[in-house]
Student: 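Structure incoming, see below.
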Amino acid sequence: MPVHANIEPLRWESDFFGFASGKLVFDPAAPPVSSAGLDAFKIVQAKVAAQCPQQLDALAALGFRLVEGETDLSVEITPTLKPAKDKNVQSEANSGLPAEIRLAGAADIPALRVMASTAFTLSRFREPWYSSADSSRFYALWAENAVLGRFDHCCLVAGPPGAVIGMVTLRDISAGEARIGLLAVDPLFGGRGIGRLLFNAAQDWCRDRHKKRLRVATQTGNIAALRLYIACGATIDGAAYWLYR
Ligand SMILES: CC(=O)SCCNC(=O)CCNC(=O)[C@H](O)C(C)(C)COP(=O)(O)OP(=O)(O)OC[C@H]1O[C@@H](n2cnc3c(N)ncnc32)[C@H](O)[C@@H]1OP(=O)(O)O
Ligand SMILES: Cc1cn([C@H]2C[C@H](O)[C@@H](COP(=O)(O)OP(=O)(O)O[C@H]3O[C@H](C)[C@H](N)[C@H](O)[C@H]3O)O2)c(=O)[nH]c1=O
């Protein structure tokens, strides 16, 4: 079965990783994808909705390989009173940890870069397609850019300056919706409610901006993250597979 798609060059990724990268944009009106077209790029990515398994077979015939699954979730932002202070007190009472949530500033960037460069081991930017050093560099820059209001628009952190124990980045994607970019907790503080606190703070951020929905995506194999989001009230909107050639 031919795959009808255009190959869109990924300029940001090509610059950042230092090699030609592209992505299939499926379009029934596009010509069939050819090996020659694909060969112009070191990596061509394809994201296939999980409910379209026939597309997986067609891409496999062109030499594409499965990289990972991605699950999209979202939660409705309800207009309840903001319980942020209570949550912080509750968290400190439960764990004895300094867990106030605050907006990250430039002074947090070094610690955030370290956290982001080690946290996202489950990623489609993985070996053998991307070196682990490049993958670390990618998430470090993502965190830094969020603090600076580039790509994502802000970064909220748990812990006082100099002792960041968790982070969540947020992007304003439309009048009514925001999206979490990255969310991570220092493994030394895992399992103590910091992830939940960060997700709730992200919801508060949305509420303050009159958003109706908060979106988040994670790797389908990231059971801890999926359980966290579902425990915080999110529901699954969709699932997809990433393939590369
Ligand atoms: C948008 C994205 O960035 S998706 C990627 C998410 N981030 C990462 O994968 C980075 C590495 N992982 C982490 O930083 C952490 O493990 C997180 C953020 C996933 C969880 O943070 P934590 O502070 O440990 O979570 P927290 O203690 O708040 O747990 C809340 C719920 O999450 C789920 N959960 C957390 N850790 C686990 C785990 N290891 N296994 C299964 N479920 C887990 C549980 O449902 C838990 O509720 P429960 O304690 O009542 O069972
Ligand atoms: C930092 C940065 C990135 N970009 C570009 C580069 C990529 O084309 C996209 C990001 O792609 P995405 O599919 O969102 O990346 P991930 O697969 O790593 O993300 C998923 O997993 C993460 C762990 C996290 N949960 C995330 O929310 C998920 O989507 O953006 C850019 O243009 N400019 C930048 O500064």
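First listed ligand is number 1; within each ligand, the first listed atom is number 1.
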Student: Short N/O distance, under 3.5 Å, between N145 and ligand 2?
Tutor: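 Indeed, backbone or side chain, N145 has an N or O that close.
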Student: Flag yes if more than 12 heavy atoms outside R65 fall under 6.0 Å of its CZ atom; otherwise flag no.
Tutor: no
Student: Taking atom 16 (P) of ligand 2 as the point of reference, which of W242, Y139, F120 owns the nearest heavy atom?
Tutor: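 The residue whose heavy atom sits nearest atom 16 (P) of ligand 2 is Y139.
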Student: Pull out every atom of ligand 1 sitting under 4.0 Å from any heavy atom of T218, numbered as shown with elements.
Tutor: 4 (S), 5 (C)
Student: With heavy atoms only and a cut-off of under 4.0 Å, state how F16 meets ligand 2: side chain, backbone, both or neither.
Tutor: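 None of F16 does.
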Student: Please set out all donor-acceptor pairs under 3.5 angstrom arising from side-chain atoms of residues 102-114, sequence neighbours excluded.
Tutor:
from: R102; atom 1: NE; to: G159; atom 2: O; distance (Å): 2.9
from: R102; atom 1: NH1; to: D108; atom 2: OD2; distance (Å): 3.0
from: R102; atom 1: NH2; to: D108; atom 2: OD1; distance (Å): 3.0
from: R102; atom 1: NH2; to: G159; atom 2: O; distance (Å): 3.3
from: D108; atom 1: OD2; to: G105; atom 2: N; distance (Å): 2.9
from: R113; atom 1: NH1; to: E144; atom 2: OE1; distance (Å): 2.6

Student: Based purely on interatomic distance, does A217 place a nitrogen or oxygen under 3.5 Å from a nitrogen or oxygen of ligand 2?
Tutor: yes
Student: Answer with side chain, backbone, both or neither: which part of R150 has a heavy atom less than 4.0 angstrom from an atom of ligand 2?
Tutor: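 The answer is neither; R150 stays 4.0 Å or more away.
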Student: Please confirm whether V216 comes within less than 3.5 Å of ligand 1 when only nitrogen or oxygen atoms on both sides are compared.
Tutor: no
Student: Kindly confirm or rule out an N or O of G195 lying under 3.5 angstrom from an N or O of ligand 1.
Tutor: yes
Student: How far is atom 30 (O) of ligand 2 from its nearest protein heavy atom, and which residue and atom is that?
Tutor: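 Heavy-atom neighbour on the protein nearest atom 30 (O) of ligand 2: F151 CZ, 3.1 Å.
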Student: Look only at interatomic distance and state if L183 has a nitrogen or oxygen under 3.5 Å from any nitrogen or oxygen of ligand 1.
Tutor: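 It does: an N or O of L183 is found under 3.5 Å from an N or O of ligand 1.
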Student: Just by distance, no angles: are the side chains of S123 and Y139 close enough, under 3.5 Å, to form a donor-acceptor pair?
Tutor: yes
Student: Check this for me - ligand 2, L122, N or O atoms closer than 3.5 angstrom, yes or no?
Tutor: no
Student: Could you check atom 24 (C) of ligand 2 against the protein and tell me its nearest heavy-atom contact, residue, atom and distance included?
Tutor: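 For atom 24 (C) of ligand 2, the nearest protein heavy atom is G181 O, 3.0 Å.
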Student: Does an N or O from E13, backbone or side chain, lie closer than 3.5 Å to an N or O of ligand 2?
Tutor: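 Indeed, backbone or side chain, E13 has an N or O that close.
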Student: Could you list which atoms of ligand 1 come closer than 4.0 Å to a heavy atom of A184?
Tutor: 14 (O)
Student: Considering only non-hydrogen protein atoms, determine which one is nearest to atom 34 (C) of ligand 2 and report residue, atom name and distance to 0.1 Å.
Tutor: W12 CZ2, 3.3 Å
Student: Looking at ligand 1, does any of its N/O atoms fall within less than 3.5 Å of an N/O of N222?
Tutor: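 It does: an N or O of N222 is found under 3.5 Å from an N or O of ligand 1.
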Student: At less than 4.0 angstrom from any non-hydrogen atom of G190, what atoms of ligand 1 do you find?
Tutor: 24 (O)
Student: Is there at least one protein heavy-atom neighbour under 4.0 Å from atom 12 (N) of ligand 1?
Tutor: no
Student: I'd like to know whether ligand 2 has V216 as a neighbour, heavy-atom separation below 4.0 Å.
Tutor: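 No, V216 has no heavy atom closer than 4.0 Å to ligand 2.
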Student: Please indicate whether any nitrogen or oxygen in G193 is less than 3.5 Å from any nitrogen or oxygen in ligand 1.
Tutor: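 Between G193 and ligand 1 (N or O atoms, distance only) the closest approach is under 3.5 Å.
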Student: Are the side chains of R179 and D152 in touch, meaning some heavy atoms are under 4.5 Å apart?
Tutor: no
Student: Which residue and atom name correspond to the protein heavy atom nearest atom 11 (O) of ligand 2, and how close is it?
Tutor: R124 NH2, 3.3 Å
Student: Looking only at protein heavy atoms, which one is nearest to atom 20 (C) of ligand 2, and what is the separation?
Tutor: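 Here the nearest protein heavy atom works out to Q219 NE2, 3.8 Å.
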Student: Considering only heavy atoms of R192, which atoms of ligand 1 have at least one such atom less than 4.0 Å away?
Tutor: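 Near R192, meaning under 4.0 Å from one of its heavy atoms, ligand 1 has 27 (O).
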Student: Does any N/O atom on I223 come nearer than 3.5 Å to any N/O atom on ligand 1?
Tutor: no
Student: Can you tell me which portion of W142 lies within the under-4.0 Å heavy-atom range of ligand 2? Options are side chain, backbone, both, or neither.
Tutor: both
Student: Determine whether the aromatic ring centres of residues F17 and F125 are separated by less than 6.0 angstrom.
Tutor: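 Yes, the ring of F125 comes within the 6.0 Å limit of the ring of F17, centre to centre.
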Student: What residue and heavy atom of the protein are closest to atom 29 (O) of ligand 2, and at what distance?
Tutor: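 I find the closest protein heavy atom is R179 NH2, 2.7 Å.
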Student: Please indicate, with yes or no, if any protein heavy atom is found under 4.0 Å from atom 1 (C) of ligand 1?
Tutor: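 Within 4.0 Å: yes, protein heavy atom nearby.
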Student: Are the side chains of V44 and S21 in touch, meaning some heavy atoms are under 4.5 Å apart?
Tutor: no
Student: How close does the nearest protein non-hydrogen atom get to atom 14 (O) of ligand 1, and which residue and atom is it?
Tutor: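 Here the closest protein heavy atom is V185 N, 2.8 Å.
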Student: Should the pair R124 and Y244 be classed as cation-pi, given the thresholds of under 6.0 Å to the six-membered ring centre and 45° from the axis?
Tutor: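 No cation-pi geometry.
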Student: Relative to the heavy atoms of L182, which atoms of ligand 1 are at a distance of less than 4.0 Å?
Tutor: 3 (O)
